[in-house]
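Report on the following structure.
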2 protein chains.
Amino acid sequence: MEALAALADPTRRQIVALLAAGEQGAGELAGQFPVSRPAISRHLRVLREAGLVQVRAEGQRRVYALDPRPLSELDAWLAPYRRLWAQRLDALDTEIARGRRARTQEDGR
Amino acid sequence: MEALAALADPTRRQIVALLAAGEQGAGELAGQFPVSRPAISRHLRVLREAGLVQVRAEGQRRVYALDPRPLSELDAWLAPYRRLWAQRLDALDTEIARGRRARTQEDGR
DNA sequence: GGCTTACTTAACTGTCCAGTTACGCACGTT
DNA sequence: AACGTGCGTAACTGGACAGTTAAGTAAGCC
(Lines give C-alpha, C1' and ligand atoms only; values in the text may rest on other atoms or scores of the structure.)
Protein backbone atom coordinates (compact mmCIF):
# COMPACT_ATOMS: atom_id res chain seq x y z
CA MET A 1 0.00 0.00 0.00
CA GLU A 2 2.96 2.30 -0.51
CA ALA A 3 1.15 3.35 -3.64
CA LEU A 4 -1.39 5.25 -1.56
CA ALA A 5 1.23 7.65 -0.29
CA ALA A 6 2.53 8.13 -3.81
CA LEU A 7 -0.95 8.82 -5.14
CA ALA A 8 -1.75 11.26 -2.36
CA ASP A 9 -0.04 13.99 -4.37
CA PRO A 10 -2.17 15.60 -7.11
CA THR A 11 0.77 16.12 -9.45
CA ARG A 12 1.65 12.46 -9.25
CA ARG A 13 -1.94 11.44 -9.90
CA GLN A 14 -1.88 13.60 -12.99
CA ILE A 15 1.34 11.99 -14.15
CA VAL A 16 -0.27 8.59 -13.69
CA ALA A 17 -3.28 9.74 -15.69
CA LEU A 18 -1.05 11.03 -18.48
CA LEU A 19 0.92 7.82 -18.62
CA ALA A 20 -2.25 5.78 -18.76
CA ALA A 21 -2.74 7.28 -22.21
CA GLY A 22 0.70 6.13 -23.30
CA GLU A 23 4.31 6.36 -22.29
CA GLN A 24 6.21 9.62 -22.38
CA GLY A 25 9.67 11.04 -21.91
CA ALA A 26 10.53 12.87 -18.71
CA GLY A 27 10.90 16.29 -20.34
CA GLU A 28 7.73 15.75 -22.29
CA LEU A 29 5.93 15.17 -19.02
CA ALA A 30 7.58 18.08 -17.25
CA GLY A 31 6.47 20.42 -20.02
CA GLN A 32 2.85 19.84 -19.06
CA PHE A 33 3.27 21.00 -15.48
CA PRO A 34 3.84 24.43 -13.97
CA VAL A 35 6.76 23.19 -11.89
CA SER A 36 10.41 22.75 -12.68
CA ARG A 37 11.86 19.69 -14.36
CA PRO A 38 13.76 18.52 -11.27
CA ALA A 39 10.52 18.57 -9.33
CA ILE A 40 8.92 16.25 -11.88
CA SER A 41 12.02 14.11 -11.80
CA ARG A 42 11.55 13.62 -8.09
CA HIS A 43 7.88 12.83 -8.51
CA LEU A 44 8.81 10.23 -11.07
CA ARG A 45 11.28 8.77 -8.64
CA VAL A 46 8.60 8.42 -5.98
CA LEU A 47 6.30 6.78 -8.48
CA ARG A 48 9.12 4.49 -9.53
CA GLU A 49 9.86 3.47 -5.95
CA ALA A 50 6.17 2.79 -5.45
CA GLY A 51 6.29 0.53 -8.50
CA LEU A 52 3.72 2.60 -10.32
CA VAL A 53 6.04 3.52 -13.13
CA GLN A 54 8.80 1.93 -15.15
CA VAL A 55 11.66 3.68 -16.92
CA ARG A 56 13.37 2.69 -20.12
CA ALA A 57 16.39 4.46 -21.56
CA GLU A 58 15.97 5.27 -25.22
CA GLY A 59 19.07 7.06 -26.33
CA GLN A 60 19.36 9.98 -23.97
CA ARG A 61 15.64 10.04 -23.39
CA ARG A 62 14.08 8.43 -20.35
CA VAL A 63 10.77 6.98 -21.36
CA TYR A 64 8.27 6.41 -18.56
CA ALA A 65 5.47 3.89 -18.67
CA LEU A 66 2.70 3.14 -16.22
CA ASP A 67 2.80 -0.12 -14.32
CA PRO A 68 -0.74 -0.86 -13.14
CA ARG A 69 0.11 -3.55 -10.64
CA PRO A 70 0.12 -1.30 -7.55
CA LEU A 71 -3.20 0.04 -8.73
CA SER A 72 -4.52 -3.46 -8.80
CA GLU A 73 -3.22 -3.92 -5.25
CA LEU A 74 -5.10 -0.81 -4.25
CA ASP A 75 -8.16 -2.25 -5.89
CA ALA A 76 -7.72 -5.43 -3.89
CA TRP A 77 -7.37 -3.44 -0.68
CA LEU A 78 -10.55 -1.59 -1.49
CA ALA A 79 -12.49 -4.71 -2.38
CA PRO A 80 -13.63 -5.77 1.11
CA TYR A 81 -15.11 -2.34 1.72
CA ARG A 82 -17.04 -2.41 -1.49
CA ARG A 83 -20.08 -4.08 0.00
CA LEU A 84 -20.45 -1.10 2.33
CA TRP A 85 -21.65 1.15 -0.44
CA ALA A 86 -22.71 -1.39 -3.03
CA GLN A 87 -26.30 -1.38 -1.91
CA ARG A 88 -28.45 1.19 -0.17
CA LEU A 89 -26.25 4.17 -0.97
CA ASP A 90 -28.96 6.64 -0.11
CA ALA A 91 -29.88 4.77 3.05
CA LEU A 92 -26.39 5.27 4.36
CA ASP A 93 -26.94 8.53 6.15
CA THR A 94 -29.85 7.26 8.12
CA GLU A 95 -28.06 4.04 8.84
CA ILE A 96 -25.06 5.88 10.15
CA ALA A 97 -27.26 8.29 12.05
CA ARG A 98 -29.09 5.45 13.67
CA GLY A 99 -25.77 3.91 14.53
CA ARG A 100 -26.45 0.42 13.36
CA ARG A 101 -23.60 -2.02 13.55
CA ALA A 102 -22.08 -3.58 10.50
CA ARG A 103 -20.17 -6.47 12.02
CA THR A 104 -17.86 -7.55 9.24
CA GLN A 105 -14.43 -6.82 7.84
CA GLU A 106 -10.90 -7.02 9.11
CA ASP A 107 -7.74 -5.02 8.57
CA GLY A 108 -5.79 -5.32 5.35
CA ARG A 109 -3.48 -2.59 6.63
CA MET B 1 -9.72 12.59 -3.70
CA GLU B 2 -8.81 14.11 -0.39
CA ALA B 3 -9.42 10.66 0.99
CA LEU B 4 -6.21 9.41 -0.61
CA ALA B 5 -4.10 11.68 1.57
CA ALA B 6 -6.03 10.58 4.64
CA LEU B 7 -5.56 6.92 3.77
CA ALA B 8 -1.87 7.35 3.09
CA ASP B 9 -1.23 6.93 6.80
CA PRO B 10 -1.12 3.33 8.08
CA THR B 11 -2.66 4.21 11.44
CA ARG B 12 -5.61 5.84 9.74
CA ARG B 13 -6.07 2.86 7.43
CA GLN B 14 -6.18 0.67 10.50
CA ILE B 15 -8.76 2.90 12.11
CA VAL B 16 -10.86 2.63 8.98
CA ALA B 17 -10.51 -1.14 9.06
CA LEU B 18 -11.57 -1.25 12.69
CA LEU B 19 -14.57 0.95 12.08
CA ALA B 20 -15.63 -1.20 9.16
CA ALA B 21 -16.36 -3.87 11.72
CA GLY B 22 -18.58 -1.53 13.69
CA GLU B 23 -18.55 1.87 15.31
CA GLN B 24 -16.42 2.59 18.35
CA GLY B 25 -15.72 5.30 20.88
CA ALA B 26 -12.60 7.40 20.60
CA GLY B 27 -10.91 6.02 23.68
CA GLU B 28 -11.83 2.51 22.70
CA LEU B 29 -10.04 3.06 19.43
CA ALA B 30 -7.04 4.74 21.00
CA GLY B 31 -6.58 1.78 23.31
CA GLN B 32 -5.77 -0.43 20.35
CA PHE B 33 -2.85 1.67 19.17
CA PRO B 34 0.61 2.21 20.59
CA VAL B 35 0.28 5.99 20.38
CA SER B 36 -1.25 8.52 22.73
CA ARG B 37 -4.93 9.41 22.75
CA PRO B 38 -4.44 12.93 21.40
CA ALA B 39 -2.62 11.45 18.42
CA ILE B 40 -5.61 9.26 17.64
CA SER B 41 -7.86 12.24 18.17
CA ARG B 42 -5.99 14.09 15.44
CA HIS B 43 -6.14 11.11 13.12
CA LEU B 44 -9.86 10.96 13.66
CA ARG B 45 -10.07 14.62 12.83
CA VAL B 46 -8.26 14.09 9.54
CA LEU B 47 -10.57 11.19 8.72
CA ARG B 48 -13.54 13.34 9.66
CA GLU B 49 -12.41 16.18 7.41
CA ALA B 50 -11.91 13.70 4.61
CA GLY B 51 -15.48 12.55 5.13
CA LEU B 52 -14.40 9.01 5.89
CA VAL B 53 -15.80 9.06 9.39
CA GLN B 54 -18.78 10.46 11.24
CA VAL B 55 -19.01 11.33 14.90
CA ARG B 56 -21.98 11.10 17.17
CA ALA B 57 -22.06 12.29 20.75
CA GLU B 58 -23.45 9.70 23.11
CA GLY B 59 -23.34 11.12 26.56
CA GLN B 60 -19.75 12.06 27.08
CA ARG B 61 -18.59 9.42 24.61
CA ARG B 62 -17.78 10.28 21.03
CA VAL B 63 -18.81 7.39 18.86
CA TYR B 64 -17.13 7.14 15.48
CA ALA B 65 -18.63 5.39 12.48
CA LEU B 66 -17.22 4.74 9.03
CA ASP B 67 -18.70 6.62 6.09
CA PRO B 68 -17.86 4.64 2.96
CA ARG B 69 -18.70 7.35 0.44
CA PRO B 70 -15.13 8.62 -0.03
CA LEU B 71 -14.09 5.01 -0.50
CA SER B 72 -16.63 4.71 -3.24
CA GLU B 73 -15.18 7.87 -4.80
CA LEU B 74 -11.78 6.28 -4.67
CA ASP B 75 -13.24 3.23 -6.32
CA ALA B 76 -14.68 5.42 -9.04
CA TRP B 77 -11.32 7.10 -9.56
CA LEU B 78 -9.69 3.73 -9.87
CA ALA B 79 -12.28 2.38 -12.28
CA PRO B 80 -10.89 3.71 -15.57
CA TYR B 81 -7.53 2.14 -14.80
CA ARG B 82 -9.04 -1.21 -14.14
CA ARG B 83 -8.90 -2.37 -17.72
CA LEU B 84 -5.12 -1.99 -17.57
CA TRP B 85 -4.69 -5.01 -15.38
CA ALA B 86 -8.00 -6.77 -15.93
CA GLN B 87 -6.63 -8.94 -18.72
CA ARG B 88 -3.17 -10.16 -19.52
CA LEU B 89 -1.69 -9.55 -16.11
CA ASP B 90 1.29 -11.74 -16.79
CA ALA B 91 1.81 -10.21 -20.21
CA LEU B 92 2.22 -6.80 -18.63
CA ASP B 93 5.96 -6.89 -18.22
CA THR B 94 6.63 -7.72 -21.80
CA GLU B 95 4.09 -5.20 -22.91
CA ILE B 96 5.73 -2.49 -20.88
CA ALA B 97 9.16 -3.65 -22.01
CA ARG B 98 8.08 -3.52 -25.63
CA GLY B 99 6.71 -0.06 -25.00
CA ARG B 100 3.34 -0.50 -26.60
CA ARG B 101 0.94 2.41 -26.36
CA ALA B 102 -2.35 2.18 -24.55
CA ARG B 103 -4.20 5.19 -25.89
CA THR B 104 -7.00 5.76 -23.42
CA GLN B 105 -7.75 7.55 -20.19
CA GLU B 106 -7.84 11.11 -19.01
CA ASP B 107 -7.14 12.80 -15.69
CA GLY B 108 -9.61 12.44 -12.86
CA ARG B 109 -7.18 14.42 -10.72
C1' DG C 1 37.92 16.52 -27.92
C1' DG C 2 34.44 19.96 -27.18
C1' DC C 3 29.55 21.42 -27.26
C1' DT C 4 24.51 20.76 -26.87
C1' DT C 5 20.65 18.12 -25.22
C1' DA C 6 18.04 15.33 -21.82
C1' DC C 7 17.72 14.11 -17.26
C1' DT C 8 19.05 13.15 -12.61
C1' DT C 9 21.21 14.31 -8.21
C1' DA C 10 22.83 17.56 -4.61
C1' DA C 11 22.15 21.13 -1.45
C1' DC C 12 19.13 24.23 0.55
C1' DT C 13 14.53 26.31 2.13
C1' DG C 14 9.76 26.48 3.69
C1' DT C 15 5.83 23.95 4.94
C1' DC C 16 3.19 20.26 6.58
C1' DC C 17 2.38 16.56 9.62
C1' DA C 18 2.65 12.95 13.35
C1' DG C 19 3.98 12.55 17.88
C1' DT C 20 4.41 14.26 22.65
C1' DT C 21 2.77 16.73 27.26
C1' DA C 22 -0.22 20.07 29.32
C1' DC C 23 -4.53 22.14 29.55
C1' DG C 24 -9.64 22.92 28.81
C1' DC C 25 -14.38 21.53 28.53
C1' DA C 26 -18.57 18.95 28.95
C1' DC C 27 -21.09 15.19 30.98
C1' DG C 28 -22.21 12.19 34.98
C1' DT C 29 -22.01 10.99 39.78
C1' DT C 30 -22.18 11.80 44.48
C1' DA D 1 -21.00 22.13 44.31
C1' DA D 2 -17.19 19.21 43.81
C1' DC D 3 -14.90 15.57 41.52
C1' DG D 4 -13.76 11.90 38.12
C1' DT D 5 -14.12 10.54 33.28
C1' DG D 6 -13.90 10.98 28.25
C1' DC D 7 -12.39 13.69 24.74
C1' DG D 8 -10.73 17.56 22.21
C1' DT D 9 -7.45 21.51 21.54
C1' DA D 10 -3.02 24.18 22.25
C1' DA D 11 1.75 24.58 22.03
C1' DC D 12 5.91 22.57 20.92
C1' DT D 13 9.42 19.32 18.56
C1' DG D 14 11.44 16.35 14.97
C1' DG D 15 11.22 14.47 10.63
C1' DA D 16 9.40 14.07 5.98
C1' DC D 17 8.51 16.31 1.69
C1' DA D 18 7.65 19.52 -2.40
C1' DG D 19 9.71 23.22 -4.43
C1' DT D 20 13.75 25.93 -6.02
C1' DT D 21 18.71 26.73 -8.26
C1' DA D 22 23.11 24.80 -9.27
C1' DA D 23 26.03 21.06 -10.41
C1' DG D 24 26.82 16.30 -12.38
C1' DT D 25 26.35 12.46 -15.86
C1' DA D 26 25.49 10.37 -20.20
C1' DA D 27 24.22 10.32 -25.21
C1' DG D 28 24.51 12.52 -29.82
C1' DC D 29 26.75 15.83 -33.03
C1' DC D 30 30.37 18.62 -35.01
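Because the structure is predicted, anything quoted here is derived from the model rather than measured. Just the heavy atoms: all of them, side chains too, but no hydrogens, waters or symmetry mates, feed the values below. So you know, we letter chains A, B, ... as the sequences are listed, proteins then strands, and number each from 1.
- The side chain of A:His43 places an N or O atom within less than 4.0 Å of a non-bridging phosphate oxygen (OP1 or OP2) of D:dG19.
- Counting to the nearest Å, the P atom of C:dT9 and the CZ atom of A:Arg45 are 5 Å from each other.
- Inspection of the B:Glu23 and B:Gln54 side chains reveals no N or O donor paired with an N or O acceptor under 3.5 Å.
- To the nearest angstrom, P of C:dA18 lies 15 Å from CD of B:Gln14.
- Separating the CZ atom of B:Arg61 from the P atom of D:dC7 is a distance of 6 Å, rounded to the nearest angstrom.
- The residues A:Arg45 and A:Glu49 are annotated as salt-bridged, a charged nitrogen and a carboxylate oxygen being separated by less than 4.0 angstrom.
- Ion pairing between a basic and an acidic side chain is recognised when a charged N comes within 4.0 Å of a carboxylate O; A:Asp75 and A:Arg82 show such pairing.
- Rounded to an integer number of Å, the gap from A:Tyr64 OH to C:dA6 P is 15 Å.
- Considering every non-hydrogen atom in both A:His43 and A:Asp9, the closest pair reads CE1-OD1, 3.5 Å.
- Between the side chain of B:Arg13 and the backbone N or O of B:Leu7 there is at least one donor-acceptor pair closer than 3.5 Å.
- Comparing A:Gln60 and B:Glu58 along DNA chain C, the residue whose closest nucleotide (by nearest heavy atom) sits nearer the 5' end is A:Gln60.
- Atom pair B:Arg42:CZ and C:dC17:C1' shows a separation of 7 Å (rounding to whole Å applied).
- Under the 3.5 Å distance criterion, with hydrogens and angles disregarded, no donor-acceptor pair is assigned to the side chains of B:Arg56 and B:Tyr64.
- Put simply, the side chain of A:Gln32 gets close to the backbone of A:Glu28: a donor and an acceptor are under 3.5 Å apart.
- Atom CZ of A:Arg62 and atom P of D:dG28 are 12 Å apart (whole Å).
- Atom CD1 of A:Ile40 is separated from atom P of C:dT9 by 15 Å (rounded to the nearest Å).
- Rounded to an integer number of Å, the gap from CG of B:Leu44 to P of D:dG8 is 7 Å.
- Remark: B:Arg37, B:Pro38 in residues 29-39 of chain B come within less than 4.0 Å of DNA chain D through at least one heavy atom.
- Positionally, the nearest nucleotide of DNA chain D for B:Ala26 lies more toward the 5' end than for the other of B:Ala26 and A:Arg12.
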